[in-house]
Amino acid sequence: MPELPEVETIKNSLQPLLKDEMIRKVDVYYPGILRNMGSEEFASTAKDRCIKSVQRRGKYLLITLSDGYTLIIHLKMSGQLVVTSAGEPVRKHTHLIFHLCADKQLRYIDTRKFGMIFLVPDDDWSQTCGLRYLGPEPLEEEFTPKVLADALEERQIGIKAFLLDQSMIAGIGNIYADEILFAAGIDPRRRTRSLNDKEKEQLYCSIRNKLTEGIANRGTTLRDYIDGLGGKGGFQAKLEVYGRKNKLCNRCGNELTGTVCSGRSTVYCPNCQK
DNA sequence: GGAGTTGTTCCGCC
DNA sequence: AGGCGGAACAACTC
C-alpha cells in the first residue's frame, strides 16, 4: 500500500528521530522478513552501528548505517516503521525491534508479513533486490516530459501497466495510478503508444501533481499506513476514483466504473477519461 | 471461511 | 530473443 508519497512521508518523519541514533540491540521475532541473512547475523551486523541517514528510492526506504552498511526496507502492503518509547506496549504483528539510545525504539510491524528487509554493504545496495530495476524518480529533475514520452513510445502495453512498472517510473502503485489517470483524463484501458502529444503532457503533469499532492497531505491511509510517529495520512479524503467504484464522479456526476486492468482493481470515469 | 488486498517476480507464449 | 500478459505468491482481516 505505501507508495511513493507514503514512503516519502515515513522518511521525512523518521529522519529527524533516527539520525545519529545508535543501534544498541536488535530483537527479531519473525525472521521471514529478513531477506538476505538470518536473525543472528542480522542482529550482530546491525548492532553498535549508528544511523547516518534515512532516504527513499521508489517505494524503498534506505537507512544508511555507519561503517558501510545500509538497511533496505520495502513495506509492501502493510508494513509499518514506527519510533516509540521502550515502555510502549508491543503491538500485535511486531516482527523487529531496534533498541536505540535512552528508551527509544524503532519497530517494524507488518500484519501480512509481505515486507522485506535487507542489510547490505553500501557498495552494492543499488544492486540489491528490486532497486536494480528502478526507473527514474518522478519528482526529480531527471524525470522530464521527454523521458516520459520516450518511455511511452518504447513500450506497447496498457497505460496502467506502464504506470505500475517500477522500471519505467519508480514509486507509483495502484492508488496513485488511478488518480493520475483520472487527473489526466485518460482511460486506464488505453495503450502507451495510443497517447497523443497533448495527452503525454497531461500525463506528465498529473504524475507530478498527484504525487506532490499525496506528499503534501502526508499520504493515503486506507487501512494500515501510518508515518514514523504513528500519524495517519489525509489524502484518502481527496481521492477522486480509487475505492469509489459505482459512486458519482466529483467532476461530472456520472457513475464511476470499476474494472480490472493489468490484474489490479481499477476505477475510472467513463465520461471524463477518454 | 472465502474473497479481497497489492507489489514483485516468474513463466509461458508469441 | 525478448517483450508482453497473466498468474502465482506472500498471509492476514473482515
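We find that CG of A:N174 is positioned 9 Å from P of B:dT5, with the value rounded to whole Å. The separation between A:L75 atom CG and B:dT8 atom P is 11 Å, rounded to whole Å. As rounded to whole Å, 11 Å separates atom P of B:dT6 from atom CZ of A:F114. Rounded to whole Å, the distance from CZ on A:F118 to P on B:dT8 is 11 Å. Between the C1' atom of B:dG4 and the OH atom of A:Y242 lies a distance of 10 Å, rounded to the nearest Å. Going from atom CZ of A:R35 over to atom C1' of B:dT9 covers 12 Å, rounded to whole Å. One can place CE of A:M116 at 12 Å from P of B:dG7, the figure rounded to the nearest angstrom. Taking atom CG on A:D165 and atom C1' on B:dT8, their separation rounds to 11 Å, with Å as the unit.
Between A:F162 and A:L148 there is a side-chain heavy-atom pair separated by less than 4.5 Å.
Taking five base pairs at each end of the helix from B:dG2-C:dC14 to B:dC14-C:dG2 and finding the rotation axis that steps the C1' atoms of four pairs onto the next four gives two axes whose angle is 50°, to the nearest 10°.
Nucleotides of DNA chain C that come within less than 4.0 Å of any heavy atom of chain A span, from the 5' end to the 3' end, C:dC4 to C:dT13.
The pair A:K104-A:E21 meets the salt-bridge criterion, with a side-chain N (NZ, NE, NH1 or NH2) lying under 4.0 Å from an Asp/Glu carboxylate O. Using a cut-off of 4.0 Å between Lys/Arg side-chain N and Asp/Glu carboxylate O, A:K198 and A:E201 are scored as not salt-bridged.
The nearest heavy atom of DNA chain C to A:I157 and to A:M77 marks one nucleotide each, and the one closer to the 5' end goes with A:I157. Summary of the strand contacts: A:K76 and A:R191 both lie near DNA chain C, and taking for each the nucleotide with the nearest heavy atom, the more 5' one is attributed to A:R191.
A:G263 comes within 4.0 angstrom of nothing in the nucleic acid, heavy atoms only. Across all strands, A:S78 comes closer than 4.0 Å to no nucleic acid atom at all (heavy-atom distances). Within 4.0 Å of A:F162, counting heavy atoms only, lies no atom of the nucleic acid at all.
Remark: A:A170 pairs with A:R57, A:L134, A:E137 by the side-chain contact (heavy atoms from CB on, under 4.5 Å) rule, at least two apart or across chains. By the side-chain hydrogen bond (donor to acceptor under 3.5 Å, both in side chains) test, A:D178 is found to be paired with A:K160, residues two or more places apart in sequence or in another chain being considered.
Side-chain N/O atoms of A:R264 and base N/O atoms of B:dT8 include a donor-acceptor pair closer than 3.5 Å.
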Return a table of donor-acceptor pairs under 3.5 angstrom between the side chains of residues 254-262 of chain A and protein atoms on other chains or two or more places apart.
none

Anything under 3.5 Å between a donor and an acceptor, one on a side chain of residues 85-93 of chain A, the other on a protein residue two or more places apart or in another chain? List them.
unit_1	atom_1	unit_2	atom_2	d
A:R91	NH1	A:Q80	OE1	2.9
A:R91	NH2	A:Q80	OE1	3.0

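With no hydrogens or angles considered, no side-chain donor-acceptor pair links A:T192 and A:R155 at under 3.5 Å.
The 12-atom threshold is not exceeded at NZ of A:K245, counting heavy atoms of other residues, nucleotides or ligands nearer than 6.0 Å.
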